[in-house]
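In what follows, a structure is listed as structure tokens, so that the remarks can point back to it.
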Amino acid sequence: MNTAAVSDSGAHRPTNQDAAFAASWGAAVADGVGGGPSGDLASAALIHRLVATRGAEVDADGLLVRIREANWDIRAHVERDPALQGMATTFTGVFLGAGADLLLAHTGDSRAYLLRDGDFSRQTRDDSYVQALVDRGIISPEAAAAHPRRNIITASLAGSEGDVVSVATHAPQQGDRWVLCSDGLTDYVPEADVARLVAGADDPRSAASSAVALALEAGTRDNVTVVVCDVVDDDVPAGEAVFFGSAARWFTEDVETA
């Protein structure tokens, strides 16, 4: 995959609690849970651990094991410093799996979208209070976008054995463009606008940069991170993973950051 990411703390947040990485074999975004302690540490720890444990291509079960091991790192930080109790993060990532599969992992309200043959579609379900209301027919999707409790999430990674993450298997096609983003984008920019921008961008870097710029222009009051991954048929040099957001501040010894 050709991958790129851009992360910005935004004009209203002193700390960027979003973390991301981009590599030829995978990419992900994690958004530290607001209202809890050290969300930036939680998101960065998870991302770095996942990259550090990258080995041979895995299937869905193998990826779940890797995510569970990365989640244990969050618990280890809390055990060393009880003041961190409650820190947590969302997580959405795509990984090249065994064979020809592409694996999509998700928990929380960060999102993954797929642009394929001109069709832009959401591939994840928000683990959130307002999504539950939408699912029950209590409010409309349009009302959910402006609901005052839209930032309350119902699932995250916090170092607990009971934390839940889903992994879905997809069959990638050459020309697919995956977009992973934190809610600093989708809470402030309509999906239709994101779709037009992503479809018109020449490459992943320009797509990610333009999407973040659009969120800032729309007045996002949150951190905003966008990761874009193009599925290509030719071999892409493996290279090293590049880290963004809080992952570019924490645990950065001997790693490439942006």
Is there a side-chain hydrogen bond (donor to acceptor under 3.5 Å, both in side chains) between Asp18 and Thr225? Walk through the geometry before answering.
CA-CA 7 Å; Asp18 289 356; Thr225 300; 2.9 Å; yes

Chi angles and distances behind the ring pair (Phe, Tyr, Trp, His ring centres under 6.0 Å) call for His77, Trp250:
CA-CA 13 Å; His77 283 288; Trp250 290 94; 7.7 Å; no

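Residues in residues 88-102 take part in no salt bridge (Lys or Arg N to Asp or Glu O under 4.0 Å) pair, two or more places apart or across chains.
Judged purely by distance below 3.5 Å, without hydrogens or angles, the side chains of Asp163 and Ser156 never pair a donor atom with an acceptor atom. The closest side-chain donor-acceptor pair between Ser121 and Gln123 falls under 3.5 angstrom. No donor-acceptor contact under 3.5 angstrom links the side chains of Gln131 and Asp127, judged on distance only. A donor and an acceptor atom, one from each side chain of Ser110 and Thr92, are nowhere located under 3.5 Å apart.
Between Arg150 and Asp109, the closest heavy-atom pair is O-OD2, 4.5 Å. Pairing each heavy atom of Ala27 with each of Ala22, the nearest pair is CB-CA, 4.0 Å. Across all non-hydrogen atoms, the minimal contact from Trp25 to Val51 is CH2-CA, 4.1 Å.
Distance check: Leu114 CG to Trp178 CH2 gives 5.0 Å after rounding to the nearest 0.5 Å. Separation of atoms OG (Ser43) and CG (Asp31) is listed at 7.5 Å; rounding is to 0.5 Å. In this structure, Asp73 CG and Leu46 CG are separated by 8.5 Å, a value rounded to the nearest 0.5 Å.
Applying the side-chain hydrogen bond (donor to acceptor under 3.5 Å, both in side chains) test to Asp193 and every residue at least two apart in sequence or in another chain returns Arg196. Asp176 is linked by a salt bridge (charged side-chain N to carboxylate O under 4.0 Å, His left out) to Arg116, counting only residues two or more places apart in sequence or in another chain.
With respect to the salt-bridge test (charged N to carboxylate O, under 4.0 angstrom), the residues Asp183 and Arg111 do not qualify. A salt bridge does not link Arg68 with Glu161: none of the charged nitrogens is closer than 4.0 Å to a carboxylate oxygen.
Arg13 contributes no side-chain N or O that, together with a main-chain N or O of Asp222, makes up a donor-acceptor pair within less than 3.5 Å. Asp59 places a side-chain N or O within donor-acceptor distance of the main-chain N or O of Gly62, the cut-off being under 3.5 Å. Remark: the backbone N or O of Ala23 is paired with a side-chain donor or acceptor of Thr3 at under 3.5 angstrom. When atom types are taken as modelled, the side chain of His170 and the backbone of Leu104 share no donor-acceptor pair closer than 3.5 angstrom.
For Phe91 and His106, the gap between ring centers reaches or exceeds 6.0 Å. For Phe21 and Phe244, the gap between ring centers reaches or exceeds 6.0 Å.
Proximity of Leu96 to Met1: side-chain heavy atoms (C-beta onward) are separated by under 4.5 Å at one or more points.
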